[in-house]
Amino acid sequence: MTATRADLPSLTGMRWAAAFLVFCLHIVVTSMLSPVAAGSKIASLLFSAGDVGVSFFFVLSGFVLMWSARPGDSPLRFWRRRFARIYPVHLVTALLALVLGVTLGQLVRPDNFYGVPGIGSFLANVFLVHSWIPGQNQSLNTVSWTLACEAFFYVTFPLWGLLIRRLKARGTTVFALASVVLVVLPAMAEPSWPVLQTLPAARLGEFMLGIALARLVALDRWRGPRLDIAVAVMLISYFLVPVWPGQYGYSVATLVGIGVLIPAAAVADLRGDASFWRSRTMVRLGELSFSFYMVHLMVIRVARRVFPGLVQRGSTAEMLVVAGIFAASLGLAWVLYEYVETPCRRFLTRPRRKVVTPAMSSAV
């Protein structure tokens, strides 16, 4: 395991599982299912902890960025690639959310947010600083608060990357433990300050943990369980989430599960071990996961507003509605991936042409 630039397709496949968890959580919390229906009770049991998908994304982000870091890369080149990766889809979905907010009313705002987003709210969202502003963290496209966190992570990554490259296994382990502390402390304080759940600085520990885990794998010093055991640990920690107090408790409850799952999947890929997550279907869905994540909640809210008579009509009808929402979200995700995300990323990261100045002739 010496090539730190090796592809890790299982991690791409797992991105889909995390996005799907968030989708299912939003189906539950937006009351798409009748509270008395059997399907609703099962869905609540299985997916009420779907916020775990966000924690997974944050840890995975740190892992992947550290794993794929290029020797001698400059911060500007790094920021350019990250901008190309997330911003085109963010801008398109923000504009779509604004259009929906103007035409269909309270679709793209949390229930306690007043009025159609004004210019200040819109600009804060577009420039990905809205998660720092009380009352604005879920403006426009609600799920974009996580992108504001990611933007902060990207700004700080060159510093963390420079630091951790100087550390050996023992120092990296200390870095990982410090990251865990940075996750636990905000979770302990969150019942008093609920804003911490979406505050970028409060989520930095998860990102830093991913960086440390990638470094341990790159040093060949990861000693965690194999992939199947790691999946079992993750499932156990997932269903223990209700034990933890506060809405942010899920990040602590699943820290061990996520912390062993991501490196285990990476090691399985490096060793060529069997992995369901790197199947062609899972990898393809993982490629669509970012766009899917960015559009799914708007699709849910449009369905509730435009077709109010279709929700809470009984288990069979509800499942058909949910299936339709899922299909529409996945279809829009494919469109965004093929016609926005991929071409814009290629355009924005294309090599810049060097201007060649012909040498002056020395002939007199």
* To do: Could you tell me whether the side chain of R301 reaches within less than 4.5 Å of the side chain of L100, counting heavy atoms only?
  => no
* Structure fact -> Correct closest heavy-atom pair for S275 and S10 would be OG-OG, 2.6 Å
* Structure fact -> OG (S68) and CG (D7) are apart, to the nearest 0.5 Å, by 10.0 Å
* side chain to side chain donor-acceptor pair (under 3.5 Å) contacts in which one or both residues fall within residues 222-241, not counting sequence neighbours -> R226-D228
* Asked: For W160, which residues count as a side-chain hydrogen bond (donor to acceptor under 3.5 Å, both in side chains) partner, sequence neighbours excluded?
  -> T156
* Asked: Looking at I133 and A124, what are the two nearest heavy atoms and their distance?
  -> CD1-CB, 3.8 Å
* Exercise: identify the closest heavy-atom pair between V143 and T146 -> O-OG1, 2.9 Å
* Verify same cluster id: V283, L270 (apolar side-chain graph, 4.5 Å) -> no
* Structure fact -> Correct closest heavy-atom pair for V184 and V252 would be CA-CG2, 4.1 Å
* To do: Kindly state each residue pair satisfying side chain to side chain donor-acceptor pair (under 3.5 Å) with at least one member in residues 85-102, sequence neighbours excluded.
  => R85-E341
* Asked: Hey, is the main chain of P343 close enough, under 3.5 Å, to the side chain of R346 for a donor-acceptor pair?
  -> no
* Structure fact -> Between M234 and the options I229, V256, V52, the side chain to side chain contact (heavy atoms under 4.5 Å, CB included) test singles out V52
When the side chains of residues 329-338 are checked against the rest of the protein, which donor-acceptor pairs come out under 3.5 Å, sequence neighbours left out?
unit_1 : atom_1 : unit_2 : atom_2 : d
S329   : OG     : I325   : O      : 2.9
E338   : OE2    : R284   : NH2    : 2.8

* **Euclidean distance, I164 CD1 relative to L216 CG, rounded to 0.5 Å** => 7.0 Å
* Connected via hydrophobic side-chain network under 4.5 Å: V340 and L147 -> yes
* **Atom pair CD1 (I236) and OG1 (T254), whose distance is rounded to the nearest 0.5 Å** => 13.5 Å
* **Working for side chain to side chain contact (heavy atoms under 4.5 Å, CB included), residues I211 and F157** => CA-CA 9 Å; I211 292 174; F157 176 76; 3.8 Å; yes
Only distances under 3.5 Å count here; give the side-chain donor-acceptor pairs of residues 170-179 to other protein atoms, sequence neighbours excluded, each with its distance to 0.1 Å.
unit_1 : atom_1 : unit_2 : atom_2 : d
T172   : OG1    : K168   : O      : 2.8
T173   : OG1    : A169   : O      : 2.9
S179   : OG     : F175   : O      : 2.8

* Backbone of A97 reached by a side-chain donor or acceptor of N141 within 3.5 Å -> no
* Quick one: do V180 and F63 end up in the same hydrophobic cluster if we chain Ile, Leu, Val, Met, Phe, Trp and Tyr together by side-chain heavy atoms under 4.5 Å apart? -> yes
* Just wondering, do W79 and P158 contact through their side chains at under 4.5 Å, heavy atoms? -> yes
* To do: Looking only at non-hydrogen atoms, find the nearest pair between V299 and A328 and report the distance.
  => CG1-CB, 4.0 Å
* To do: Taking the side chain as every heavy atom from C-beta outward, state whether R82 and F153 have any atom pair closer than 4.5 Å.
  => no
* Cluster question for you: counting only ILVMFWY and a side-chain heavy-atom cut-off of under 4.5 Å, with indirect links fine, are V99 and V89 together? -> no
* Summary of ring pair (Phe, Tyr, Trp, His ring centres under 6.0 Å) pairs that have at least one residue in residues 123-151, sequence neighbours excluded -> W132-F152
* Residue F239 excluded, over 12 heavy atoms near CZ under 6.0 Å -> yes
* To do: Would you mind reporting whether I258 and L209 have side-chain heavy atoms less than 4.5 Å apart?
  => no
* Side chains of E287 and W16: closer than 4.5 Å at any heavy-atom pair? -> no
* With distance as the sole test, does S61 use its side chain to make a donor-acceptor pair with the main-chain N or O of F58 at under 3.5 Å? -> no
* Closest approach of V22 to G53 (non-hydrogen atoms, all atoms of both residues) -> CG2-CA, 4.1 Å
* To do: With the side chain counted from C-beta on, respond yes when L227 and D273 share a heavy-atom pair under 4.5 Å apart, and no when they do not.
  => no
* Asked: Rounded to the nearest 0.5 Å, how far apart are CE of M294 and NE2 of H296?
  -> 10.0 Å
* Going by atom types alone, do E206 and S251 pair a side-chain donor with an acceptor below 3.5 Å? -> no
* Mind checking whether S55 and R203 have side chains closer than 4.5 Å, heavy atoms only? -> yes
* So, does R215 use its side chain to make a donor-acceptor pair with the main chain of R165 at under 3.5 Å? -> yes
* So how far is it from L60 CG to L11 CG, rounded to the nearest 0.5 Å? -> 5.5 Å
* Taking C-beta and beyond as the side chain, do F78 and Y154 meet within less than 4.5 Å on heavy atoms? -> yes
* **Main-chain N/O of L348 paired with R80 side-chain donor or acceptor, under 3.5 Å** => yes
* Structure fact -> Between the CD1 atom in I86 and the CG atom in L128, the distance rounded to the nearest 0.5 Å is 5.5 Å
